[in-house]
Amino acid sequence: MFWDCWPCYFEKTCEWLRKHQVKTAIFSSRMTAERMQERFPEMRIIWCPEAVDGDVYQKGKLLKDRTIDLLEFGRSNEKVLQTGALSLNHVCTKQNGKFIYTNEQLYQAMGDAKVTIALPRSMTQPEMAGDIETLTQRYWECMFSRLVMVGHAPQELVDFIGYNPIIELRDDISAEALIRDVLEHIEDYQALVDKNRETAERLGSWDVRMKWLMEELREDFSL
C-alpha cells in the first residue's frame with residue numbers, strides 16, 4: 001500500500017513492484033493508481049482514498065461563536081495566496097519551518113476556527129507533486145472539525161463524496177477578498193460544514209475505509 005507516490009518516485013516504485021512480483025498494489029491517489037495500472041495492466045491495482053481517526057477531531061462550536069478567523073496548518077500556502085495582508089485573528093501552526101502546536105492543541109484550534117485554506121500539493125508544491133492532485137487527510141480533518149475550507153477540491157474528493165465541500169478560489173476575486181467575504185457571511189456556511197461533518201463520519205474514517213478494503217481484498221485472497 002502506497003501513500004505519497006509522487007511522479008518523482010514512479011520509476012523506483014515500478015522497479016520495486018517488478019522485483020517483488022507484486023500481484024496486488026494499493027495506492028491512496030486515484031491518478032497515481034490509474035497511471036500505475038497503465039504500466040502494469042495485469043496487476044490488480046486498488047485506489048484506496050486516505051482517511052483519518054475521526055474520533056480525535058472535535059465537532060467544535062458553531063461558526064459564529066468561533067474565535068479564530070483563519071487557521072493555517074501543514075504546508076505553506078504562500079505560492080497561492082498572501083495571507084499576511086489579512087487583518088484577522090490569523091493563526092499559523094508552523095513558524096520558521098517548525099510546528100508550534102501539539103496534536104491536541106491543533107485539534108482544539110480546528111474546533112475553534114472559522115476558515116482554513118485547503119489546497120492539494122499540486123498547487124502548493126508542484127515541484128514535488130507535478131499534476132497529481134489527491135484527497136489527503138487534510139480535507140477529512142477539516143470536514144470533521146466543521147471548518148469552512150477555501151481553496152480547491154481534488155476531483156477524486158468531489159467524485160468520492162458526490163459534491164464539492166470547498167469554497168473554490170476564483171479568477172474574478174482575490175483569495176484574500178474571498179476569505180473576507182466568507183468571514184463576513186460566516187453563518188451562511190453553517191449548513192455546509194454540518195453536511196461536511198456528516199459526510200466525514202460516513203466516509204472519512206479508517207474504520208470505514210479498512211472494512212471496505214478488506215472486502216476488496218477478499219476477492220483476491222479468498223479471505
Side-chain angles (χ1 to χ4, degrees), residues 1-7 9-10 12-14 16-60 73-75 99 102-104 106-108 110-111 116 118-122 128-129 132-147 149 151 153-166 193-223:
M1 186 167 184
F2 296 87
W3 280 262
D4 295 338
C5 186
W6 305 115
Y9 302 134
F10 277 13
K12 286 187 177 181
T13 301
C14 290
W16 191 91
L17 292 169
R18 292 189 192 99
K19 176 181 177 181
H20 296 283
Q21 300 181 343
V22 173
K23 300 295 189 295
T24 300
I26 305 164
F27 292 90
S28 62
S29 162
R30 183 174 69 177
M31 292 177 71
T32 300
E34 290 170 350
R35 293 181 187 183
M36 286 296 174
Q37 191 71 80
E38 291 173 358
R39 297 186 181 212
F40 297 94
E42 302 304 317
M43 187 183 298
R44 165 91 148 118
I45 297 209
I46 300 172
W47 169 49
C48 179
E50 287 192 28
V52 297
D53 178 2
D55 292 338
V56 304
Y57 298 97
Q58 302 174 12
K59 187 175 183 180
F73 65 100
R75 295 188 303 275
F99 292 103
T102 65
N103 284 342
E104 289 302 323
L106 174 61
Y107 303 148
Q108 185 174 358
M110 292 176 74
T116 193
L119 297 165
R121 181 168 264 174
S122 57
M128 168 69 76
I132 300 289
E133 60 170 43
T134 186
L135 163 54
T136 54
Q137 68 179 49
R138 167 192 299 265
Y139 295 96
W140 295 124
E141 291 172 334
C142 295
M143 291 171 71
F144 270 110
S145 303
R146 297 201 298 174
L147 275 159
M149 294 179 284
Q155 189 60 45
E156 67 182 46
L157 169 59
V158 177
D159 294 342
F160 188 63
I161 67 176
Y163 70 97
N164 191 336
I166 292 177
V193 298
D194 289 345
K195 179 180 180 179
N196 288 349
R197 168 84 187 192
E198 294 169 1
T199 300
E201 290 175 343
R202 182 167 50 87
L203 297 172
S205 74
W206 275 121
D207 180 57
V208 170
R209 189 77 72 255
M210 285 299 101
K211 288 177 181 177
W212 170 85
L213 184 57
M214 287 301 296
E215 287 302 316
E216 288 290 308
L217 294 176
R218 285 182 206 282
E219 299 177 12
D220 292 344
F221 301 104
S222 300
L223 298 177

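FYI, side chains are in, hydrogens and waters are out, and symmetry mates aren't considered; it's all heavy atoms of this structure.
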- Between L17 and F40, the two heavy atoms sitting closest are CD1-CE1, 3.9 Å

- Message: List the residues meeting ring pair (Phe, Tyr, Trp, His ring centres under 6.0 Å) with Y139, not counting sequence neighbours, and say none if there are none.
- Response: none

- Heavy-atom side-chain contact between M110 and L106 under 4.5 Å: yes

- What one should report as the nearest heavy-atom pair of R138 and A118 is CD-CA, 4.1 Å

- Item | Under the side-chain contact (heavy atoms from CB on, under 4.5 Å) test, residues paired with L203 that sit two or more places apart | W140, F160, I161, T199

- Query: If you measure from CG on D4 to CE on M128, what distance do you get to the nearest 0.5 Å?
  - Reply: 8.5 Å

Return all side-chain donor-acceptor pairs below 3.5 angstrom for residues 45-54, not counting sequence neighbours, or 'none' if the list is empty.
residue: W47; atom: NE1; partner: S28; partner atom: O; Å: 3.1
residue: E50; atom: OE1; partner: Q137; partner atom: N; Å: 3.1
residue: D53; atom: OD1; partner: D55; partner atom: N; Å: 3.2

- Query: Rounded to the nearest 0.5 Å, how far apart are CE of M149 and SG of C142?
  - Reply: 5.5 Å

- Residues two or more places apart in sequence or in another chain: which of them pass side-chain contact (heavy atoms from CB on, under 4.5 Å) with D207? S205, K211

- Please report the closest heavy-atom contact between I166 and G151, naming both atoms and the distance. CG2-N, 3.6 Å

- Presence of salt bridge, E201 and K59, under 4.0 angstrom: no

- Message: Around atom OH of Y9, are there more than 12 heavy atoms from other residues, nucleotides or ligands closer than 6.0 Å?
- Response: no

- Task: Identify the two heavy atoms, one from M43 and one from T24, that lie closest to each other, and give their separation to 0.1 Å.
- Result: CG-N, 4.3 Å

- Could you walk me through whether T136 and W3 pass the side chain to side chain contact (heavy atoms under 4.5 Å, CB included) test, one step at a time? CA-CA 9 Å; T136 54; W3 280 262; over 6 Å; no

- Under the side-chain contact (heavy atoms from CB on, under 4.5 Å) test, residues paired with E42 that sit two or more places apart: none

- Are side-chain heavy atoms of F10 and M36 found at a separation under 4.5 Å? yes

- Message: Under 6.0 Å from the ring centre and within 45 degrees of the ring axis: does the NZ or CZ of R146 meet both conditions for the six-membered ring of Y57?
- Response: no

- Query: Side chain of R197, backbone of F144: donor and acceptor closer than 3.5 Å?
  - Reply: yes

- Item | Heavy-atom closest contact (E133 atom, Q155 atom, distance) | OE2-N, 2.9 Å

- Here the gap from T32 atom OG1 to F2 atom CZ, rounded to the nearest 0.5 Å, amounts to 11.0 Å

- Starting at OG1 of T13, measure out to CZ of R18 and round the result to the nearest 0.5 Å. 10.5 Å

- Task: Determine, for E38 against R35, whether the closest basic-nitrogen to carboxylate-oxygen distance falls under 4.0 angstrom.
- Result: no

- Query: How many angstroms lie between OG1 in T134 and CZ in R121, if you round to the nearest 0.5 Å?
  - Reply: 11.0 Å

- Residue pair S29 / E156: nearest heavy atoms and the distance that separates them: C-OE1, 3.9 Å

- Task: Determine the sole option in Q37, K23, E216 for which the side-chain contact (heavy atoms from CB on, under 4.5 Å) test with R44 is passed.
- Result: E216

- Measure the shortest side-chain to side-chain distance between Y163 and N196 over non-hydrogen atoms and say whether it is less than 4.5 angstrom. yes

- Task: Return the set of residues passing side-chain contact (heavy atoms from CB on, under 4.5 Å) with E34 (not counting sequence neighbours), or none when no residue passes.
- Result: R30

